*Asks:* 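Handing you a structure now.
Numbers here simply count residues along the sequence, with the first being 1. Not measured: the values here are computed from a predicted model.
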Amino acid sequence: MTDLAAVKAALKTQAVETPSWAYGNSGTRFKVFAQAGVPRTPQEKIEDAAKVHEFTGAAPTVALHIPWDRVDDYAALAAHAEGLGVRLGAINSNTFQDDDYKLGSVCHPEAAVRRKAVDHLLECVDVMDATGSRDLKLWFADGTNYPGQDDIRARQDRLAEALAEVYARLGEGQRMLLEYKFFEPAFYSTDVPDWGTAYAHCLKLGPKAQVVVDTGHHAPGTNIEFIVASLLREDKLGGFDFNSRFYADDDLMAGAADPFQLFRIMYEVVRGGGFTPEVAFMLDQCHNIEAKIPAIIRSVMNVQEATAKALLVDREALAAAQAAGDVLAANGVLMDAYNTDVRPLLAEVRAELGLDPDPMAAYRRSGWAEKITGARVGGQQAGWGA
């Protein structure tokens with residue numbers, strides 16, 4: 001039997017980091033769609049992130065992206081966040097939006113371009129020092145488009161050299177989280193295309209290097225929960241970038257396209273001892289046609305619901321069915337948990353935390369959307385590249 005009190009206690013500790021860029025304008029590869037009330041500064045992005053935490057109670061940190069969130073005084077930005085009831089989280093680098101990076105960044109054939117890219121990563125560690133952030137999150141668009149374009153093995157050597165220099169710069173309590181993406185924008189070979197490549201580099205670097213699993217960065221049919229279980233087994237799962245995809249890297253709201261997959265992933269997290277602060281739960285998504293703050297609130301709620309169902313799995317009954325080789329009974333234990341309506345349970349958890357049981361309704365009543373639409377007029381809205 002599942003201990004409901006323990007489930008509720010666990011849910012009260014859950015934290016989902018929201019990304020600053022999700023509050024800005026975004027779009028498809030063909031058009032960025034502007035919305036009224038979108039933040040114009042990093043400070044305004046943090047204000048919106050604070051509202052998500054205010055109504056969910058489960059989003060206490062906001063990730064920054066450098067240079068999109070570059071400011072003159074990062075300590076002051078951290079103080080601004082704390083004044084709003086949130087903290088600054090992971091620092092995300094950008095080595096993909098400069099003309100110099102057309103043929104790659106840390107894997108580029110020219111030493112001068114590699115030096116520029118590594119210097120940016122070191123700058124991001126400086127930002128971490130100023131903000132008190134724990135995690136440096138790295139994703140590289142590096143790769144090649146054509147056979148023979150560059151030496152595949154040499155590019156891995158360059159990547160390893162760059163990562164080692166940045167790793168050596170990390171301070172006490174800081175981590176490097178390496179993300180992977182199996183294709184795009186490099187269409188022939190991608191330099192960090194899968195969890196195995198990321199794991200191999202992190203293993204060589206040491207304990208401060210961990211792998212990030214982005215739930216949208218896999219080929220169709222990939223068993224992501226197997227990857228999660230394997231990385232947890234090796235103590236190399238540093239965190240998640242939660243989003244949902246249907247075709248490729250769609251960056252839809254977490255749990256929107258395949259909530260059952262999110263449940264299966266969260267079960268492996270719970271079963272593997274990953275429901276701890278050492279495994280960062282982060283959103284990495286964009287909101288092109290839907291209102292941004294409500295979409296992020298809904299995403300946090302979707303992660304909470306998948307987690308609640310995972311915590312409700314009767315693990316003793318599951319283990320017994322597995323040991324007996326009873327395939328249908330074992331599957332039935334998982335399906336019973338997945339088919340449980342956990343919304344009343346989560347409403348109780350929120351009420352016990354002093355929150356409105358319905359975060360979406362509470363946000364609508366708050367008037368925040370109307371306030372920012374009226375106040376954030378003029379200036380340059382934040383968005384992709386800003």
Side-chain angles (χ1 to χ4, degrees), residues 90 92-93 95-96 104-108 114 117 121 135-145 147 149-167 170 175-245 247-251 258 261-262 264-269 271-274 278-282 284:
N92 292 254
S93 61
T95 55
F96 53 87
S105 61
V106 296
C107 300
H108 198 285
R114 298 199 299 274
L121 302 183
D135 295 335
L136 170 68
K137 190 142 72 67
L138 306 179
W139 171 73
F140 300 106
D142 292 37
T144 65
N145 276 4
Q149 177 183 321
D150 200 358
D151 188 302
I152 293 176
R153 178 165 174 169
R155 292 180 73 89
Q156 288 297 306
D157 292 339
R158 298 167 199 156
L159 172 63
E161 181 180 356
L163 292 176
E165 181 175 350
V166 178
Y167 185 89
L170 295 175
R175 307 190 303 176
M176 172 190 293
L177 303 183
L178 181 59
E179 187 178 350
Y180 57 91
K181 186 173 183 179
F182 84 106
F183 84 107
E184 192 199 39
F187 292 114
Y188 172 65
S189 67
T190 301
D191 291 316
V192 191
D194 52 41
W195 72 278
T197 305
Y199 171 74
H201 282 284
C202 289
L203 186 64
K204 188 172 183 179
L205 288 166
K208 291 183 179 181
Q210 303 273 10
V211 179
V212 171
V213 174
D214 185 307
T215 54
H217 287 186
H218 301 87
T222 298
N223 190 316
I224 300 175
E225 54 268 34
F226 172 83
I227 298 171
V228 171
S230 298
L231 288 172
L232 280 171
R233 183 171 178 269
E234 299 296 331
D235 195 26
K236 277 296 180 182
L237 179 64
F240 289 94
D241 276 351
F242 284 125
N243 57 58
S244 196
R245 48 74 64 81
Y247 292 110
D249 182 18
D250 305 334
D251 281 346
D258 190 350
Q261 181 190 66
L262 184 56
R264 300 193 310 266
I265 291 169
M266 289 309 305
Y267 172 70
E268 291 301 331
V269 170
R271 182 258 178 270
E278 295 306 307
V279 177
F281 293 169
M282 302 174 281
D284 182 14

*Asks:* Which heavy atom of Y167 sits nearest a heavy atom of P207, and at what distance?
*Replies:* OH-N, 3.2 Å
*Asks:* Is any side-chain heavy atom of V213 less than 4.5 Å from a side-chain heavy atom of H218?
*Replies:* yes
*Asks:* Indicate yes or no: does D241 engage K181 in a salt bridge with an N to O separation below 4.0 Å.
*Replies:* no
*Asks:* Say you draw a straight line from CG of L232 to CD of E268; how long is it, rounded to the nearest 0.5 Å?
*Replies:* 8.5 Å
*Asks:* Quick check: does any side chain N or O of N145 sit under 3.5 Å from a backbone N or O of F187, one acting as donor and the other as acceptor?
*Replies:* yes
*Asks:* Parallel, tilted or perpendicular: which fits the ring planes of F240 and F242, with parallel below 30° and perpendicular above 60°?
*Replies:* parallel
*Asks:* Between E179 and D284, is there a side-chain heavy-atom distance shorter than 4.5 Å?
*Replies:* yes
*Asks:* Would you name the heavy atoms of G238 and R175 that are closest together and state the gap between them?
*Replies:* O-NH2, 3.2 Å
*Asks:* Taking atom CD of E225 and atom CE of M266, what is their separation to the nearest 0.5 Å?
*Replies:* 12.5 Å
*Asks:* Determine, step by step, whether M282 and K137 satisfy the side chain to side chain contact (heavy atoms under 4.5 Å, CB included) criterion, reporting the C-alpha distance in whole Å, the side-chain angles of both residues, the deciding distance to 0.1 Å, and the verdict.
*Replies:* CA-CA 11 Å; M282 302 174 281; K137 190 142 72 67; 3.7 Å; yes
*Asks:* Does a side-chain heavy-atom distance below 4.5 Å link S105 with F96?
*Replies:* no
*Asks:* Would you compute the distance between atom CG of L163 and atom CE of M176 and round it to the nearest 0.5 angstrom?
*Replies:* 5.0 Å
*Asks:* Locate the shortest heavy-atom distance separating P193 from T197; write the atom from each residue and the value.
*Replies:* CD-OG1, 3.6 Å
*Asks:* Does V211 offer a backbone N or O that forms a donor-acceptor pair with the side chain of Y199 under 3.5 Å?
*Replies:* no
*Asks:* So for atom CD, which belongs to E184, do other residues, nucleotides or ligands contribute more than 12 heavy atoms lying within a distance under 6.0 Å?
*Replies:* yes
*Asks:* Do the ring planes of W195 and F226 sit parallel (below 30°), tilted (30 to 60°) or perpendicular (above 60°)?
*Replies:* perpendicular
*Asks:* Donor-acceptor check, side chain of R155 to backbone of D191, threshold 3.5 angstrom: yes or no?
*Replies:* no
*Asks:* Rounded to the nearest 0.5 Å, what's the gap from CG on D249 to CZ on F182? Could you check?
*Replies:* 9.0 Å
*Asks:* Are the side chain of R264 and the backbone N or O of N223 linked by a donor-acceptor pair below 3.5 Å?
*Replies:* no
*Asks:* Return the minimal non-hydrogen interatomic distance between F183 and T190, and the atom names on each side.
*Replies:* CA-OG1, 3.7 Å
*Asks:* Testing the basics here: between A141 and A186, what is the closest heavy-atom pair and its distance to 0.1 Å?
*Replies:* O-CB, 4.4 Å
*Asks:* In Å and rounded to the nearest 0.5 Å, what is the OG1 to CG distance from T215 to D258?
*Replies:* 10.0 Å
*Asks:* Do P220 and R245 touch side chain to side chain, with heavy atoms closer than 4.5 Å?
*Replies:* yes
*Asks:* Looking at every non-hydrogen atom in both residues, tell me the closest pair between A209 and C202 and how far apart they are.
*Replies:* O-CB, 3.6 Å
*Asks:* Please tell me whether N243 and D250 have a donor and an acceptor in their side chains that are separated by less than 3.5 angstrom.
*Replies:* no
*Asks:* Rounded to the nearest 0.5 Å, what separates atom CZ in R114 from atom CG in D142?
*Replies:* 11.0 Å
*Asks:* Quick one, L178 and Y180 - any side-chain contact, counting heavy atoms below 4.5 Å?
*Replies:* no
*Asks:* Test your reading of the model: is there a side-chain donor-acceptor pair from R158 to the backbone of V106, 3.5 Å cut-off?
*Replies:* no
